[in-house]
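Chain A is the first sequence line, chain B the second, and so forth, proteins listed ahead of strands; every chain is numbered from 1.
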Protein chains: 2
Amino acid sequence: MAVPSSVSVPPTASPLFLREHEVRRGVELLFFGYTRLTRAIDDGLAEHGLGRAHHRALYFIARQPDLPISALLKILAITKQSLGRVLNDLADKGLVETRTGNVDRRQKLLRLTPEGVKFEAQLFEALRSSLASAYAAAGQESVTGFWRVLEGLIPAEDKAMVIALQKDI
Amino acid sequence: MAVPSSVSVPPTASPLFLREHEVRRGVELLFFGYTRLTRAIDDGLAEHGLGRAHHRALYFIARQPDLPISALLKILAITKQSLGRVLNDLADKGLVETRTGNVDRRQKLLRLTPEGVKFEAQLFEALRSSLASAYAAAGQESVTGFWRVLEGLIPAEDKAMVIALQKDI
DNA sequence: AAGATGGGACAGCCATATTGACGTATCTTG
DNA sequence: CAAGATACGTCAATATGGCTGTCCCATCTT
């Protein structure tokens with residue numbers, strides 16, 4: 001095992017020592033970066049009485065209009081019951097609407113209403129502003145590396161789903 | 001730090017950093033990457049009847065032994081009440097202990113017990129395994145970029161705290 | 001016609017966060 | 001030294017967003 005089982009730390013800069021440090025740095029930066037980015041939209045959500053769970057649904061519906069519920073369930077990796085509550089809230093607020101699928105009439109295809117589009121765009125602006133300034137500060141090469149590392153964190157079985165999101169726009 | 005641009009990397013970041021597509025890509029990869037990484041330790045935590053909140057505390061106490069509670073509160077950015085419950089759970093399970101500060105006797109300095117060290121190391125191993133393979137797949141230059149972008153997401157007022165974590169090891 | 005699939009709903013529970021108020025020990029400062 | 005600030009603990013109530021289990025209906029597939 002790569003981690004010493006006591007508090008002892010290798011005295012020299014061994015490969016294990018360096019690896020642990022680099023992994024801890026990544027863990028910490030991911031934690032702070034992710035939480036700070038999500039915090040950027042909390043105020044905008046609170047104005048409409050919504051939470052982060054609502055934003056996640058809103059975001060992916062914006063990204064793939066006419067998304068069936070089953071696809072959204074896979075993306076979010078939560079249960080049908082949890083998602084149901086969120087979608088009902090969004091429908092009640094007039095942000096999301098469903099239409100019956102014409103290929104498979106059992107499906108309900110999700111899309112944003114015009115108000116939903118406007119609200120999502122407003123939230124996205126806060127994300128864009130945060131991420132774009134991080135991108136600009138880091139530089140183009142860094143952004144490419146940022147993407148590549150994160151892609152490596154996604155299990156093979158989920159990768160197709162993520163790539164599908166990104167071929168539309 | 002100069003990153004050679006000769007390394008051929010398929011989809012590269014365009015110079016138009018503010019483009020919506022690139023921001024959405026970052027948002028999505030951060031979401032999937034972060035959630036998948038945290039999921040890697042859920043089983044290990046569940047074996048001890050603990051959750052992610054417990055791991056976050058455990059992690060930062062491991063990182064900075066003799067951390068005062070106020071410092072941990074700043075790192076986690078949650079309320080004293082929320083942290084109190086988590087720390088009580090960890091103390092009850094014999095993973096964390098406190099000692100009175102000798103500089104300031106009001107402070108309680110947090111550190112892991114030997115069992116806590118062992119448990120944290122076991123959880124860290126799951127994180128290390130996920131992140132190290134993403135690092136290896138992406139390459140060292142990508143890792144540098146990954147760090148730089150995430151650092152850019154951290155607000156200036158929090159940056160000192162994050163850097164303080166990383167100068168110890 | 002039978003079974004599989006997509007979706008909806010009820011009931012109850014758990015983990016993790018919040019606010020507000022209050023108490024105690026200890027340190028700092030006028 | 002007295003007064004106030006700080007570090008920590010705790011009680012009570014509440015919100016959010018997950019979970020399991022169960023049952024239902026409509027529709028598609030075989």
Side-chain angles (χ1 to χ4, degrees), chain A residues 31 34-35 38-39 41-61 66-93 96-111, chain B residues 31 34-35 38-39 41-61 66-93 96-111:
Chain A
F31 168 70
Y34 182 77
T35 59
T38 57
R39 227 167 265 175
I41 56 169
D42 282 349
D43 289 350
L45 285 165
E47 282 171 21
H48 289 244
L50 298 173
R52 290 177 187 178
H54 300 98
H55 176 250
R56 289 194 286 273
L58 207 60
Y59 180 94
F60 287 109
I61 295 168
D66 287 334
L67 194 69
I69 289 187
S70 58
L72 187 53
L73 279 173
K74 270 179 203 148
I75 290 172
L76 297 176
I78 58 177
T79 59
K80 195 169 50 161
Q81 292 81 347
S82 298
L83 180 57
R85 237 186 345 217
V86 168
L87 290 180
N88 284 337
D89 291 346
L90 293 174
D92 290 349
K93 302 210 180 255
V96 163
E97 62 189 2
T98 61
R99 47 186 75 178
T100 301
N102 41 12
V103 175
D104 183 337
R105 289 177 45 78
R106 290 172 305 179
Q107 289 187 329
K108 289 199 177 172
L109 307 183
L110 296 159
R111 55 167 54 224
Chain B
F31 168 70
Y34 182 77
T35 58
T38 57
R39 229 168 260 177
I41 57 169
D42 281 350
D43 290 350
L45 285 165
E47 282 171 19
H48 290 244
L50 298 173
R52 289 177 188 177
H54 300 98
H55 176 251
R56 289 194 287 272
L58 206 61
Y59 180 95
F60 288 108
I61 296 168
D66 288 334
L67 193 68
I69 289 187
S70 56
L72 187 52
L73 280 173
K74 270 178 205 149
I75 290 171
L76 297 176
I78 58 177
T79 59
K80 195 170 49 163
Q81 291 80 347
S82 298
L83 179 58
R85 187 182 37 80
V86 167
L87 289 179
N88 284 337
D89 291 346
L90 292 174
D92 289 349
K93 302 212 178 253
V96 163
E97 63 189 3
T98 62
R99 47 186 75 181
T100 300
N102 42 13
V103 175
D104 184 336
R105 289 177 46 78
R106 291 171 303 180
Q107 290 186 328
K108 289 200 177 172
L109 307 182
L110 297 160
R111 54 168 53 223

For every nucleotide of nucleotides 2-10 of chain C, 5' to 3': is a protein heavy atom under 4.0 Å from its base (B), only from its sugar-phosphate (S), or from neither (-)? --BBSBBBB

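- Across every non-hydrogen atom of B/Phe31 and A/Ile75, the tightest pair is CE2-O, 4.0 Å.
- Nearest heavy-atom pair, A/Leu72 versus A/Leu87, reported as atom, atom and distance to 0.1 Å: CD2-CD2, 4.3 Å.
- Chain A approaches DNA chain D over the interval D/dG17 to D/dC28, counting the first and last nucleotide 5' to 3' with an atom under 4.0 Å from its heavy atoms.
- Each of B/Leu45, B/Ile41, B/Asp42 was compared with B/Leu50 under the side-chain contact (heavy atoms from CB on, under 4.5 Å) criterion, and only B/Leu45 meets it.
- Note that the CZ atom of A/Arg56 and the CG atom of A/Leu58 stand 12.0 Å from one another [nearest 0.5 Å].
- A distance of 9.5 Å separates CG in A/Leu110 from CG in A/Leu90, rounded to the nearest 0.5 Å.
- A/Tyr59 is linked by a side chain to side chain donor-acceptor pair (under 3.5 Å) to B/Glu28, counting only residues two or more places apart in sequence or in another chain.
- Separation of atoms CG (B/Leu67) and CZ (B/Phe60) is listed at 9.5 Å; rounding is to 0.5 Å.
- In the helix from C/dA1-D/dT30 to C/dG30-D/dC1, the rotation axis of the first five pairs and that of the last five pairs differ in direction by 30°, rounded to 10 degrees.
- Closest non-hydrogen pair, B/Thr100 versus B/Arg105, comes out as CG2-O, 3.2 Å.
- Interface residues of residues 41-57 of chain B facing DNA chain D, ordered by number: none; criterion, heavy-atom separation under 4.0 Å.
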Might you work through the side-chain contact (heavy atoms from CB on, under 4.5 Å) test for A/Glu97 and A/Lys108, ending with a clear yes or no? CA-CA 9 Å; A/Glu97 62 189 2; A/Lys108 289 199 177 172; over 6 Å; no

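- Nearest heavy atoms, A/Val86 versus A/Ala57: CG1-CB, 3.9 Å.
- If you take CD on B/Gln107 and CG on B/Asn102, they are separated by 9.5 Å, rounding to the nearest 0.5 Å.
- For B/Arg111, the side chain to side chain donor-acceptor pair (under 3.5 Å) partners at least two apart in sequence or on another chain are B/Asp66.
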